[in-house]
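Below is one structure, written out as structure tokens; comments come after it.
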Amino acid sequence: MIIIKENPYRNLFHLEPDCGLLNDPNGLIQFQGRYYFFHQWNRFSLDHGYKEWGAFTSSDLNHWDHLGSAVLPDSKEDSDGAYSGSAIEHDNKMYLFYTGNTKNSGIRKTYQRMAYSSNGYTFIKSEKVIETPSGFTEHHRDPKVWQSNGIWWMIVGAQTIDQVGAINLFSSTDLEDWKYEGVFYSAQTLDQMCECPDYFQLGDAEILVVCPQKRTSLLNGNENISSYAGYLVGAFEKNNKCFRPESDIMLIDEGFDFYAPQSFTDEKNRRILVGWMSRMDEAEEKDCPTTAFNYLHCLTIPRELFWENSRLYQRPLEELKSLRKKRITLTKANAKLLSDSGAYELDIQLVNQTTPFEISMNNGNTVIQFDGKSKLVISRLNWVSGQREIKELHIPNLFEIQIFNDASAMEIFMNKGEKVFSMRYFCAEEKREIFYSGLQENGSIDYYSYKEEVE
């Protein structure tokens, strides 16, 4: 067996496990002054065959500790997995809501469950569970809970027996006993199942986050699944116990790697969102370079949400600025820069950019091209095929590109968070070349190192 000592892919500011496979962020909350980011975790292997909740915790959103296991699949109603869910605080206790998954003779059965804690470390499971309402398959999961006017509400991702995506609604006055209120929202646009729903108010808008999923194996297994994360604007009609949409589904993130986002409000009254930074297929997971170090996947950086210009804006948290170590400002039309690490930030200001602009990063692994009009092309080298894969975005009046580059993860914020693009990439070299061309007069690029660099 070959022992690899140094890991060029270990991220500095994107949360990832020391071992095993991480997926959906769960139970995001600030509790007793500390932030908790729970997550789906297979600590034993690099596949999706086992699910428990792991937990990261922080006091400042920059320096994190991993607490290890938080919710285990150790009871009858969750014996085959503690699936995704959410967290709330009530009466000085943290409550986690999650889906217990069971399989008997290959037949799936799910239960919505609750566990509570006084210290954020040890959790007691309630014996009461919510069973799947009639008219739905056992693809019924990912409870999100919130309170409004003294009533606790829960939405759960669902699939109708006609194999249409849906979201179910439940209510409670005590967080223990829940009443089924009917279908919160369902439409053909939710494809064959809706995962990881989220609902919140932002400014004068009501937002419903959805993850529509297409399934070819509708009863068993998970092969050939495709899905994405989007949001609808509308209204929660409490009299009718349903969500009335006023928009089509819009993408939250335009990138290669973003799914299963969840949001929460912290003590500063900020609505913060975190997503799972992967849409890798089976071959990409199998050949992912981090598997040589016995771990897989990471989370996005936390993003603050805003409702502006009748759309969702996402911006990196102010706390990230404390990671900046060294600043270099570039104003030439063309320039090259060598970073001593993969952890850095670029703030690109485009002033009246009417001609093509291009920036290549991470020794050519990731490239951004703007045609000077409205077309933005973002590309990366795929680590399985070795081919360059691209996505095109339409952004009239592009004036800012803010890039958060980590050792193997990149997030790009355009026009103060009007659009966001997330992707994984894999560059084995420690030193990373940055090259750009075509910056017009009055434009500028600020480079910030996130590590102490060798002069």
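Everything numeric in this text was worked out from a predicted model, so none of it was measured.
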* Pair D91-Y116, side-chain donor/acceptor within less than 3.5 Å -> no

* With sequence neighbours left out, which residue pairs that include part of residues 32-55 fulfil the salt bridge (Lys or Arg N to Asp or Glu O under 4.0 Å) condition? -> R43-E52

* To do: Indicate yes or no for a side-chain donor-acceptor contact from T57 to the backbone of Y36 under 3.5 Å, with no hydrogens or angles considered.
  => no

* Is E131 reaching over with its side chain to a backbone N or O of K109, donor-acceptor style, under 3.5 angstrom? -> no

* If you measure only the distance, is there a donor-acceptor pair under 3.5 Å linking the side chains of H139 and Q192? -> no

* Does the side chain of M414 reach to within under 4.5 Å of the side chain of L398, using non-hydrogen atoms? -> yes

* Asked: Taking the six-membered ring for Trp, is the centroid-to-centroid distance between W153 and F236 below 6.0 Å?
  -> yes

* Do Y180 and F170 have their ring centres less than 6.0 Å from each other? -> yes

* Reported CG-to-OH distance for the pair L21 and Y50, which is rounded to 0.5 angstrom -> 13.0 Å

* So which heavy atom on L202 is nearest to which on L305, and how close? -> CD1-O, 3.6 Å

* To do: May I ask you to decide if the ring planes of W276 and H48 are parallel, tilted or perpendicular, using 30° and 60° as cut-offs?
  => perpendicular

* May I ask you to decide if E319's main-chain N or O and N62's side chain share a donor-acceptor pair within less than 3.5 Å? => yes

* **L323 CG to H63 NE2 distance, which is reported to the nearest 0.5 Å** => 6.5 Å

* **Side-chain donor-acceptor contact under 3.5 Å, S422 with D257** => no

* Pair D24, Q262: side-chain N/O donor-acceptor within cut-off below 3.5 Å -> no

* Under 3.5 Å, is there a donor-acceptor pair linking the side chains of R279 and S226? -> no

* Structure fact -> Closest heavy-atom pair, G230 versus I249, reported as atoms and distance to 0.1 Å, is CA-CG2, 3.9 Å

* Would a distance-only check, ignoring hydrogens and angles, find a side-chain to backbone donor-acceptor pair under 3.5 Å from D191 to K214? -> no

* **Side chain proximity check, V233 to Y231, heavy atoms < 4.5 angstrom** => yes

* Between D198 (side chain) and I207 (backbone), is there a donor-acceptor pair under 3.5 Å? -> no

* **T110 side chain vs R141 backbone, donor-acceptor pair below 3.5 Å** => no

* Are the side chain of S79 and the backbone of T102 linked by a donor-acceptor contact shorter than 3.5 Å? -> no

* Using distance alone, with no hydrogens and no angle criterion, decide if N168 and H140 have a side-chain donor and acceptor under 3.5 Å apart. => yes

* Is the closest side-chain donor-acceptor distance between S126 and R113 under 3.5 Å? -> no

* Stepwise ring pair (Phe, Tyr, Trp, His ring centres under 6.0 Å) test for F56 and Y35 -> CA-CA 8 Å; F56 294 97; Y35 291 92; over 10 Å; no

* Asked: Given the side-chain rings of F421 and F256, with only the six-membered ring counted for Trp, is the space between their centroids under 6.0 Å?
  -> yes

* To do: For residues I348 and I368, determine if any side-chain heavy atom of one lies less than 4.5 Å from a side-chain heavy atom of the other.
  => no

* To do: Using atom types as modelled and distance alone, determine if a side-chain donor or acceptor of E400 lies under 3.5 Å from a backbone N or O of K416.
  => yes

* To do: Working to the nearest 0.5 Å, report the span between OH of Y228 and CD1 of I252.
  => 10.5 Å

* **Between CZ on residue R271 and CG on residue L312, distance to nearest 0.5 Å** => 11.0 Å

* Asked: Relative to the ring of F293, is the ring of Y9 parallel (under 30°), tilted (30 to 60°) or perpendicular (over 60°)?
  -> perpendicular

* Candidates F404, F13, Y447 - the one meeting ring-ring contact (aromatic ring centres under 6.0 Å, His included) with Y344 -> Y447

* So, N92 side chain and S118 main chain: donor-acceptor pair closer than 3.5 Å or not? -> no

* Asked: Taking the side chain as C-beta and beyond, is there a heavy-atom pair between I434 and N405 under 4.5 Å?
  -> no

* Does CD in Q32 sit with more than 12 non-hydrogen atoms of other residues, nucleotides or ligands closer than 6.0 Å? -> yes

* Asked: Less than 4.5 Å apart, any side-chain heavy atom of K125 and any of D78?
  -> yes

* Structure fact -> Checking Y199, F264, F200 against W146 for ring-ring contact (aromatic ring centres under 6.0 Å, His included), the one that qualifies is Y199

* Structure fact -> Between the OH atom in Y95 and the CZ atom in F31, the distance rounded to the nearest 0.5 Å is 10.0 Å

* Do E285 and L46 come close enough that some side-chain heavy atom pair is under 4.5 Å? -> no

* Does the Q213 side chain pair with the main chain of M193, one donor and one acceptor, at a distance under 3.5 Å? -> no

* **Donor on one side chain, acceptor on other, Y98 and N26, under 3.5 Å** => no

* CD of E282: more than 12 outside heavy atoms within 6.0 angstrom? -> no

* More than 12 heavy atoms from other groups under 6.0 Å of NZ on K391 -> yes

* Roughly how far, to the nearest 0.5 Å, is the CD atom of E345 from the CZ atom of R324? -> 4.0 Å

* W383 side chain reached by C427 side chain, heavy atoms, under 4.5 Å -> no

* From I445, N415, I378, I412, residue fulfilling side chain to side chain contact (heavy atoms under 4.5 Å, CB included) relative to I401 -> I412

* Asked: Is there a side-chain contact between K144 and S263 (heavy atoms, below 4.5 Å)?
  -> yes

